[in-house]
Every structure is written in structure tokens, then in C-alpha cells.
Amino acid sequence: MALSRGAVLFFKLLACLLWLFELSHGKKQFPLKNLPPLRKASSYPTGCPATYDYIVIGGGTAGCPLAATLSLKYKVLLLERGGSPYGNRNVSYMENFHIGLLNMAPDSAAQAFISTDGVINARARVLGGGTCINAGFYSRASSSFIQQVGWDEELVNKSFPWVEEKIVQWPKIAPWQAALRDGLLQAGVAPFNGYTYDHVSGTKVGGTIFDETGYRHTAADLLAAGDPNNLRVLLHASVHRIVFDSRQGCLKPRAIGVQFTDENGGHHQAFLNNKKDSEIIVSAGAIGTPQLLLLSGIGPKNHLKSHNIPVVLHNKYVGKGMADNPMNSIFIPTRSPPRQSLIETVGITEEGVFIEASSGFGQSSESVHCHHGIMSAEIGQLSTIPPKQRTLEAAQKYTQNKLNLPKEVFHGGFILEKIDGPLSTGHLVLTDTDVRNNPAVTFNYFSHPQDLNRCVYGIKTIERILKTNRFSELSADGTGFSMERVLNMSVQANVNLIPKHTNDTESLEQFCKDTVITIWHYHGGCHVGKVVDQHYRVLGVSGLRVVDGSIFSRSPGTNPQATVMMMGRYMGVKILRERLGRAAGV
Ligand code: FAD
């Protein structure tokens with residue numbers, strides 16, 4: 001049926017208006033119509049005859065771009081233990097950032113854990129991984145980091161934009177973030193480098209995966225860049241073992257398949273095809289990947305034997321070199337409550353300390369009606385529970401019972417400082433053989449004196465920022481903040497389970513140690529040269545690689561997600577080129 005001239009004109013006008021709307025609202029939305037079906041693991045037929053060129057374990061920050069890229073040429077099975085991020089309001093809206101982290105239901109997108117250091121932490125359990133529960137800040141690793149890890153710079157420079165054009169935006173800078181920008185510059189963290197994804201000394205505004213409405217775009221969206229006919233995604237698929245062919249005569253044990261459970265506890269297996277280059281790739285994150293290698297028999301033999309796990313390969317380094325960048329945060333009570341913001345501005349100092357900020361507390365009308373502090377830390381509230389009783393259960397009970405807290409205790413913002421690196425490291429060990437349970441993780445925060453020195457430098461930088469005119473005018477009487485008072489408030493907040501000391505506000509070293517929290521940039525456990533080779537193939541076995549934050553010996557950039565997503569795409573292209581040569585055409 002032909003359209004009338006009037007109707008054609010109307011549709012042209014509509015298209016024009018939509019185009020103008022897109023222009024005024026920043027970037028064009030990346031179309032998700034190519035997303036593969038997201039099926040529950042229980043739909044996977046028992047004894048399924050299908051085999052794959054690649055099985056990717058963990059649909060997270062690295063796993064999604066990796067699986068999407070590999071599917072352009074090969075059959076890929078992506079197994080994710082969590083559910084879908086789509087339709088989950090705790091994931092999709094920035095205002096629910098805090099309550100999303102506090103949801104301790106067994107199927108929530110964030111799985112809480114407490115390191116043996118006494119720091120409350122969280123790991124992702126959802127398709128899209130950390131990008132579904134994080135603060136959204138997007139900033140690339142420095143070029144010296146790229147050189148140190150030995151990546152091909154040309155491919156890196158193609159892989160970052162591949163991510164950015166799909167899910168990254170410029171923030172409409174919030175008042176608290178603008179105040180930090182000005183405060184940093186007045187305090188000498190200069191020059192101002194404007195809006196940039198690049199890692200450059202001075203002050204800058206970085207990218208974000210939240211759009212201007214506060215809607216979160218995630219690594220799961222990147223699956224739409226794959227070939228839906230080649231990509232099978234299973235949700236609630238918890239892989240508990242990698243299966244090896246260790247027959248006599250084989251040079252090395254070869255990874256050939258995986259065993260996983262579905263959302264009803266049903267057991268399944270999936271296998272690679274017989275092609276020589278087919279692989280299992282573990283992208284289960286810095287906690288999940290070493291845990292799964294250990295559960296599959298790769299690790300220190302005495303540790304494996306103590307859990308009755310048959311040893312496939314003795315490697316004393318699995319789970320070693322775990323690190324988490326210590327963060328210390330100063331709560332700043334303000335005259336009027338600042339609008340909610342997560343991270344948008346960063347000060348990159350020459351001393352290896354990064355300064356960032358967040359403010360306000362939000363939650364949508366559908367969510368639990370109570371106010372929560374940042375990063376699970378309740379300002380001045382968890383302190384009502386004696387340190388030894390501050391367990392996850394206590395925190396959960398507390399959040400349920402505090403509907404009537406005065407709003408004022410949450411009126412203010414944070415300035416936080418994070419250490420580059422860090423140099424202090426720890427380890428991860430199994431507590432049992434149930435993959436759903438957290439392993440025991442120790443980060444040994446500030447065990448390296450240089451990390452402690454840098455924390456002290458960071459707190460002194462925050463003090464300089466608080467003394468600037470820009471911040472003084474935010475204080476209750478407009479005359480500025482007493483450092484002793486704000487330090488004391490942060491100590492009183494009891495943000496971790498570490499015992500406090502009477503000299504916390506006099507000794508900045510003691511303050512750093514006693515109020516350390518996480519910015520969730522933990523990494524390591526499968527270091528290059530120790531557990532994996534330069535191409536991230538697991539040493540001593542074949543058909544098995546690791547691609548995620550567990551291979552890093554330091555966290556990339558000020559915040560890692562940009563580089564982890566880039567690495568997923570980068571490694572996908574690398575693997576296709578290894579297998580197909582330049583004919584890969586990606
Ligand atoms: P993940 O993204 O965690 O992916 C691992 C995936 O594997 C998960 O989806 C998990 O469910 C799945 N998995 C694990 N075990 C199994 C198994 N046995 N079977 C099947 N699936 C499994 N970075 C920034 O750059 N900016 C920020 O603002 C920022 N804020 C953060 C805030 C929070 C609360 C958190 C937690 C992190 C934040 N980060 C931020 C850090 C960043 O998000 C992470 O470093 C990054 O997402 C890690 O990526 P990954 O691929 O290594 O692991």
C-alpha cells in the first residue's frame with residue numbers, strides 16, 4: 001500500500017525529530033536487537049550432543065566482549081552463574097547502587113564477602129559481571145601499563161573504542177563532582193585535562209556507563225555485537241569443575257569440558273569439539289577464576305588434597321598474589337544534601353594516589369525504604385554492633401531494622417583516595433568445595449610501607465582540598481571543615497570490622513590502617529608467568545586460558561573496568577587471528 005505524500009512528510013519529520021533528540025541526548029543508543037536469547041541453565045538438555053569451539057566460563061566484564069567476538073567466527077557457549085541484568089532495577093538504575101550492594105538474597109546480583117582482613121567487599125553474580133553492580137566510572141589504563149603487559153598497542157587502540165561507542169557516555173557533571181574538580185585544581189592537582197578517557201596526570205572528568213537518565217549500560221549489552229546464531233548463553237549456570245583428559249600418552253592434561261549446575265540444582269556437562277584449537281576460557285573474575293582452577297585440581301597439591309580434590313596439576317601459585325587497592329574515604333557533612341553522584345571526576349597525582357568522590361544516597365520508589373551508606377558502610381550505624389559481631393548476617397539484620405534513621409546522617413558527600421598498584425599482596429584459599437560459597441581471601445592491606453606512605457599522602461591531599469574556598473563554602477557555617485572532626489567522623493563510622501585505636505585522628509598511618517575499605521578493584525590470583533603464559537594460557541595443561549582481572553599484578557588505570565572490557569575484545573580478536581590468520585577480518 002502506497003503512503004500518501006502527507007504521511008511520507010509526517011514520517012520524515014518524525015525521523016528528523018528523533019535524530020535531533022539523539023543529538024541533544026548525546027550518543028546514539030547501541031541497538032540490542034542482536035542479543036542472543038538468554039536462557040536458564042535448566043533448559044540445557046541432559047546429554048546434549050552439541051559441542052563448541054569455545055566454552056567461556058563467566059559472563060562478566062571480560063567474558064561478554066570475549067564471547068561476542070569469538071562468536072563472529074566460531075560456536076561459543078557462555079556460562080554465567082547469575083541471572084539477567086535486564087529488568088533488574090537494582091542493576092539498571094544508578095540510584096539503586098547502594099541498595100544493590102546490600103541485597104544479600106542468594107540470587108542477588110552482588111555476592112557479599114568479608115576478606116580475612118575485616119573489610120566488607122562484594123563480587124558480581126549476574127550477566128555483565130562487575131559492570132552491573134559497579135559505580136560506572138570509565139577510564140582507560142595508562143600507556144605505560146599497556147606497554148608493561150606487552151599488549152599490541154594498535155589493537156588496544158581499536159578495542160577501547162569498540163567498547164566506548166557501544167556503552168560509554170560523558171557524564172552531565174553533578175555538583176559534588178564539579179566541587180571536587182575545582183577543589184583538586186585549587187589544591188594543586190593540575191592541570192585540568194577536561195573530559196577524557198585517557199590516564200593523564202592532573203584532574204579530569206572521565207566516562208561513565210550510566211546515561212543521562214541514570215540508566216546503566218553493561219558488558220552484557222556487548223553480547224549484541226556477536227553472532228546470535230553462534231552464541232549460546234546460559235544463565236544460573238554455576239560451573240563447579242573443568243573436565244580434563246589426563247590419559248596416559250597425552251603430553252599434558254587437556255581441558256575438554258565443564259560440569260555445571262542449573263538454578264534448580266540439576267547437573268549438566270558441556271564439551272568442546274575435537275578441533276585442536278578449541279578452548280575453555282575462564283573469565284570468572286579475580287575471586288571466581290582461582291577458585292574454579294582449585295576446584296578443578298589445578299593448584300598447590302597439599303591444599304587440594306586437604307579438600308579431597310584430585311590433583312590434575314600441582315601449581316603453588318594459584319590463588320597467590322591477590323591484591324585489593326586500599327581505599328580510605330572521608331565523609332563531609334554539608335549544609336544542604338548534595339545530589340546523588342557516583343564517580344565522575346578523578347585527580348591523578350604523580351605520587352600514585354587517585355582522588356575521587358561520591359555523594360548522596362538514592363533509591364527508587366520500588367526499593368526497600370531505608371537509607372544506606374556508601375559501600376555497605378553505614379555512617380555511624382554499624383558501630384552500634386560490637387566489632388566481633390559485625391558479620392554479614394548482623395549487617396543484613398541491621399539494614400532491615402533501620403527504617404527510622406534520621407535522614408541527616410546521610411547528608412553529605414565523600415572524598416576518597418585510592419592507592420595505585422598496590423604493592424601489598426595476599427592470597428586466596430578454598431574454605432570448602434561448594435563453588436557457590438566464597439573462598440577465604442586475604443589482601444594484607446598496607447603490609448607494604450609504600451602503600452601506607454601513599455595513603456597518608458592521599459589523606460593530606462584531601463585535607464588540602466577541604467581547605468580550598470570551594471569546599472569551605474559547602475560547610476555548615478561557610479568557614480570550612482576541621483580535619484580532626486571529619487577524621488573522627490570517619491573513624492566513628494566503623495566502616496570495616498577492624499578494631500579502632502585512640503590515636504586514629506592523630507596518626508594518619510593508624511587512620512589509614514583502621515579505616516581501610518575497598519574500592520572493589522581486587523585482582524590477581526592467576527599471574528602471568530606463574531599460572532598463565534604471556535597469552536594467558538594456563539601453564540602445564542592445554543586447551544585452557546584465563547581472561548579477566550585475575551591475571552593482573554596491578555589494577556589498570558584509576559579504575560579497571562575500561563581495560564577489562566577492552567581486554568575481552570582484544571583477546572577475542574587475538575585468538576581469532578591466531579586461529580584464522582589475518583583472514584579473521586576483525
Ligand atoms: P567480573 O566482571 O566479576 O566477571 C566474573 C563473572 O563470572 C561474574 O559475572 C560471575 O557471576 C561469573 N562467575 C564467577 N564464577 C563462576 C562460575 N563458577 N560459573 C559461572 N560463572 C561464574 N571499576 C571501574 O572501572 N569503575 C567503577 O566505578 C567501579 N566500581 C566498582 C564498584 C563495585 C561495587 C565493584 C564490585 C567493582 C567496581 N569496579 C569498578 C571494578 C570492576 O567492575 C571490576 O574490576 C571488573 O568488573 C572485574 O571484571 P572481571 O571480568 O574480572 O570479573
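Order of listing sets the numbers, starting from 1, for every ligand and every atom in it. Along the sequence shown, the residues carry numbers beginning at 1. Heavy-atom basis, side chains included; hydrogens, waters and symmetry copies ignored.
- Comparing N134, I242, L78 against atom 29 (C) of ligand 1, the shortest heavy-atom distance belongs to N134.
- With ligand atoms numbered from 1 in the order given, ligand 1 contributes 27 (C), 28 (O) to contacts under 4.0 Å with heavy atoms of G136.
- Ligand 1 places these atoms under 4.0 Å from at least one heavy atom of V435: 18 (N).
- Using a 4.0 Å cut-off to heavy atoms of A237, the atoms of ligand 1 that qualify are 19 (N), 20 (C).
- In terms of polar-atom proximity, defined here as any N/O pair under 3.5 Å, S238 makes no such contact with ligand 1.
- Taking the centre of each ring, Y44 and F260 come in below the 6.0 Å mark.
- The distance criterion of under 3.5 Å between nitrogen or oxygen atoms is not met by R123 with respect to ligand 1.
- Residue-to-ligand polar distances place R81 within reach of ligand 1: an N/O pair is separated by less than 3.5 Å.
- Of the polar atoms of V564, none of the N or O atoms is found under 3.5 Å from an N or O of ligand 1, judged by distance alone.
- Two rings, from Y215 and F210, have their centers 6.0 Å or more apart.
- Ligand-side atoms of ligand 1 in range of A124: 3 (O), 8 (C), 10 (C), 11 (O), range being under 4.0 angstrom from any heavy atom.
- The closest side-chain donor-acceptor pair between D548 and T289 falls under 3.5 angstrom.
- Side-chain contact check for T61 and Q561: no donor-acceptor pair (N or O, by modelled atom type) lies under 3.5 Å.
- Counting only heavy atoms of the protein, atom 37 (C) of ligand 1 lies nearest to W520 CB, 3.4 Å.
- Residues N438 and T431 form no side-chain contact, since every pair of their non-hydrogen atoms from C-beta on lies 4.5 Å or further apart.
- Here atom 7 (O) of ligand 1 lies nearest to G58 when heavy atoms of S358, G58, G288 are compared.
- Polar contact check, L101 against ligand 1: no nitrogen or oxygen pair lies under 3.5 Å apart.
- Any N or O atom pair closer than 3.5 Å counts here, and A62 shares at least one such pair with ligand 1.
- Side-chain contact of S424 with N444: a donor-acceptor pair under 3.5 Å is absent, judged by distance alone.
- For S283, the closest heavy-atom approach to ligand 1 falls below 4.0 Å.
- Shortest contact from atom 8 (C) of ligand 1 to any protein heavy atom: E80 OE1, 3.5 Å.
- Distances between N or O atoms of Y522 and those of ligand 1 include no value under 3.5 Å.
- In the candidate list P560, G285, G568, P560 is nearest to atom 44 (C) of ligand 1, counting heavy atoms.
- At least one N/O-N/O distance between A135 and ligand 1 falls below 3.5 Å.
- Remark: aromatic rings of W170 and Y138 are distant, center separation not under 6.0 Å.
- Using a 4.5 Å heavy-atom threshold, the side chains of E356 and N559 count as touching.
- Between V239 and ligand 1, at least one pair of N/O atoms sits closer than 3.5 Å.
- A side-chain contact (heavy atoms from CB on, under 4.5 Å) with D221 is found for one member of L32, L35, V163, T131 and no other, namely L32.
- Checked against a 3.5 angstrom limit, the closest N/O atoms of Q561 and ligand 1 fall inside it.
- To the nearest 0.5 Å, atom CH2 of residue W176 and atom CZ of residue F414 are 9.5 Å apart.
- Close approach of ligand 1 to G549 is summarised as follows: ligand atoms under 4.0 Å from at least one heavy atom of the residue are 52 (O).
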